[in-house]
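Along the sequence shown, the residues carry numbers beginning at 1. These figures come from a predicted structure and were not determined experimentally.
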Amino acid sequence: MASENKKMPGQYDYIIVGAGPGGCQMGYFLEKKKRSYAILEMNDLPGSFFAEHPRHRTLISINKRFNPFPEPEYNMRHDWNSLLSDDPELHFTKYSKELFPNADDLVRYMQDFATKFNLNIHYNTRVEKVKKLENQAKSSENFSLQTSKGEYRCRVLLIATGARDEKVPKKIKGHELMETYCSHSLDTEKYNGKKVFILGNGNSAFEVANHLAGAASIIHIFGDRKVKHAWDTHFVGDLRAVNDTVLDMYQLKSLHVYQAVNVIEVEKTDEGYVLTIDDVVPHWRESQGHVRVKLPPYDHVICCTGFNYVDLSMFDDNCKPVTKQDDKFPVVSNTWESNIDNMYFMGTVMQCRDRKAASGFIHGFRYNVRTLHKFLEERYEEVPYPRELYPLEINTLSDKILERVSVSDGIYQMNNELCHVIAIPDFDPNMKGEIKAELYQDFPKPYVLDTAIKGRFDKYKHVFVIVLAYGFQDFGEDGKHAMDFAHFPELNATDCQAFLHPVITYYKDGDLKDELKLPESLMLRFDIPLTLNQNPDVGNNRLRNFINKQLNLKPGQHLYDGFFMEKVTDRVTPFTEDEKRRVPDLSVFKTCIPFSIDLKPAH
């Protein structure tokens, strides 16, 4: 129990390693449930990573303080830095007015969070070795942790150590000659008029480049692949616009340059650092293959290639987790458990199985941690995963779905990764008043599709899986450039939506049967009209018709679900003859027609 939690070594049901945002978020849920737990933190404050990182102190997590709707969940959709709690006053938006805040404000917030909720954090406690206890009579003692303060034992081990050591590519000959993101000097005076080479193609590389852009005479950023922009991939860990100043300078011919090539060797000479690079040239007409060249000397070479998120040296051989990507990430299940029973990974490392949503940032993994806690309660405390019961009525179900996709924050930030599920057992039409629809919120979607549909929900005849998802992939190659989609989507269509929109998938007896997509919304709410002159019930009516189609609750009923109150042909003003001649050839599109298409220029 929480009253038994002590600031000393001993036995606990749950031990969390790391008091960063992920560890403190789980600590909040365990404290609220009065569970036996301890958080082991090697430094003397929570969120200590942010006391030094990012090096240039500006977070790239958005601090949007004002939104047009009052619901707390809706507003958490746009608050990227707060942890989940029942205290409305403890929101990060009260700690900074900046859209991209200073990291010191997050450190201050983390300290207040830990103090406010009396989290059982054992500071200055470094975990030196984790060992799995074999053949224990007590199932409550699965792990032994040797620490700088003594031995801890626990039933469940939760690793939330965040970014660990820097990931320097050892395959580069002379890699030890490079400075790194963590070690390079922040004093811009040292770079005045200097030539700087930066290795990397992510936010840390471009963060450093931005910092030095006004001082260095030349900055060359080279990475081993093309840059991935977050506005195209919708993954918050890819390059953000706030960091891409050097790309702007490059294309406006201001000497700073980005290239996608491989670095082979770094040599130190009297003139500076000489780099050997290798590039693939399939576009050369005279000869195709690899070309290797040496670059003129640089004054500084800075490696910014990210971090490892698991420290294998911490684990004994009998409980070393399986890893991937050259030991950068652990391999985890759809419920974030490693290959070692009762050992879970959480926090920013949760991005190891999500490179499309927000698991790498607080505003994403806070929901993963909340869901993980519910799984822990179910598995170890015999507390069922929460559910809500609703009468088997079309309007009730459609209203609830529409409210959830319009307000719910978990499936919004964890788009197409977390989902809501409505499960309905088989029913006699004459007895449907006695049957309840069961709503489960924030399940991991892969868990539902791979395990739950034919596991947890195998006794249910009807299952609806509800997500918010992007649809750019439905437009083929044209969908790779999201910012080109500058026109209205096809509003009356029931498919071919690109920006974030609700997708409701229907399973019967465990098999996929049907799918509904609702129209996009500029306000990212689907319970209010997009325009003033549309059918105000388009979303709800499409949902009602979809539910009725699957469950046949009102045989023969079909509600009007067109986007406009009149026919589309009555709403659209036809092109003039000149404009018709300027319409591109649409026959090249086999499925969805991208709404990035413009009329050809007038002659």
Sequence neighbours excluded, the answer for disulfide bond (SG atoms under 2.5 Å apart) partners of Cys352 is none
Could you tell me whether Asp578 and Arg582 make a salt bridge, using a distance below 4.0 angstrom between a side-chain N and a carboxylate O? yes
Between Asp187 and Ser185: side-chain donor-acceptor atoms closer than 3.5 Å: no
Could you check whether Tyr412 and Glu73, counting side-chain N and O atoms only, form a donor-acceptor pair closer than 3.5 Å? no
Aromatic ring pairing His56/His211, orientation class (parallel under 30°, perpendicular over 60°, tilted between): tilted
Centroid separation Tyr258 to Tyr250 less than 6.0 Å: no
Once salt bridge (Lys or Arg N to Asp or Glu O under 4.0 Å) is applied, do any residues pair with Glu166, and if so which ones, sequence neighbours excluded? none
Closest heavy-atom contact between Pro519 and Leu491? CG-O, 4.2 Å
Is there side-chain contact between Leu59 and Asp105, with heavy atoms separated by less than 4.5 Å? no
For Asp248, salt bridge (Lys or Arg N to Asp or Glu O under 4.0 Å) partners two or more places apart: none
Testing the 3.5 Å rule here: is there a donor-acceptor pair between the side chains of Asn415 and Lys356? no
Tell me every residue that passes side-chain contact (heavy atoms from CB on, under 4.5 Å) with Arg164, counting only those two or more places apart in sequence or in another chain. Met42, Thr161, Asp311
I need the minimum non-hydrogen distance between Glu417 and Pro446, along with the two atoms involved. O-CD, 3.8 Å
Can you list the residues that meet the side-chain contact (heavy atoms from CB on, under 4.5 Å) rule with Ala160, with sequence neighbours excluded? Ile16, Met346
Output all residues satisfying disulfide bond (SG atoms under 2.5 Å apart) with Cys182, sequence neighbours left out; order by chain, then residue number. none
Using only atom types and a distance under 3.5 Å, with no angle test, would you say the side chain of Gln497 pairs donor to acceptor with the backbone of Glu520? yes
Validation: residues 94-103 side-chain donor-acceptor distances under 3.5 Å, sequence neighbours left out:
from, atom 1, to, atom 2, distance (Å)
Tyr95, OH, Asp112, OD2, 2.7
Ser96, OG, Glu98, N, 3.1
Asn102, OD1, Asp104, N, 2.8

Criterion salt bridge (charged side-chain N to carboxylate O under 4.0 Å, His left out) on Lys171 and Asp326, from CA distance to verdict: CA-CA 12 Å; Lys171 65 181 181 180; Asp326 194 24; over 6 Å; no
Where Phe365 and Pro21 come nearest, the two heavy atoms and their spacing: CZ-CB, 3.7 Å
Which one of Leu84, Leu106, Asp79 satisfies the side chain to side chain contact (heavy atoms under 4.5 Å, CB included) criterion with Ile362? Leu106
For Tyr367 and Asp409, which I'm curious about, is there any donor-acceptor pair between the side chains at under 3.5 Å? yes
The criterion is side-chain contact (heavy atoms from CB on, under 4.5 Å); which residues satisfy it with Asn533, sequence neighbours excluded? Thr531, Arg571
Sequence neighbours left out, what passes salt bridge (Lys or Arg N to Asp or Glu O under 4.0 Å) with Arg370? Give chain and number order. Asp442
Return yes if a side-chain donor-acceptor contact under 3.5 Å exists between Asn243 and Asn203, otherwise no. yes
Counting distance only, does the side-chain N/O of Tyr298 pair as donor-acceptor with the main-chain N or O of Leu275 below 3.5 Å? no
Would you say the ring centers of Phe475 and Phe595 fall short of 6.0 Å from each other? yes
Student check: side-chain heavy atoms of Met178 and His175 closer than 4.5 Å: yes
Which residue is it: Lys480, Lys517, Lys590? I am looking for the one with a salt bridge (Lys or Arg N to Asp or Glu O under 4.0 Å) to Asp474. Lys517
Can you list everything that forms a side-chain contact (heavy atoms from CB on, under 4.5 Å) with Thr569? Sequence neighbours excluded, please. Lys567
Once the angle between the rings of His229 and Trp231 is folded into 0 to 90°, is it parallel (under 30°), tilted (30 to 60°) or perpendicular (over 60°)? parallel
Under 3.5 Å, which donor-acceptor pairs link side chains of residues 299-307 to any protein atom two or more places apart or in another chain?
from, atom 1, to, atom 2, distance (Å)
Asp299, OD2, Lys195, N, 2.8
His300, ND1, Glu179, OE2, 2.8
Thr305, OG1, Lys167, O, 2.4

Test side chain to side chain donor-acceptor pair (under 3.5 Å) applied to Ser287 - qualifying residues, sequence neighbours left out: none
ring-ring contact (aromatic ring centres under 6.0 Å, His included) between Phe472 and Phe485, intermediate numbers included: CA-CA 9 Å; Phe472 290 98; Phe485 281 59; 5.1 Å; yes
Donor on one side chain, acceptor on other, Asn262 and Asp278, under 3.5 Å: no
Run Arg525 and Asp527 through salt bridge (charged side-chain N to carboxylate O under 4.0 Å, His left out) and show every step you take. CA-CA 6 Å; Arg525 289 195 69 132; Asp527 56 350; 2.9 Å; yes
State, without any angle test, whether Asn192 and Glu189 hold a side-chain donor-acceptor pair at a distance under 3.5 Å. yes
Do Ser408 and His420 have side-chain atoms, one donor and one acceptor, less than 3.5 Å apart? yes
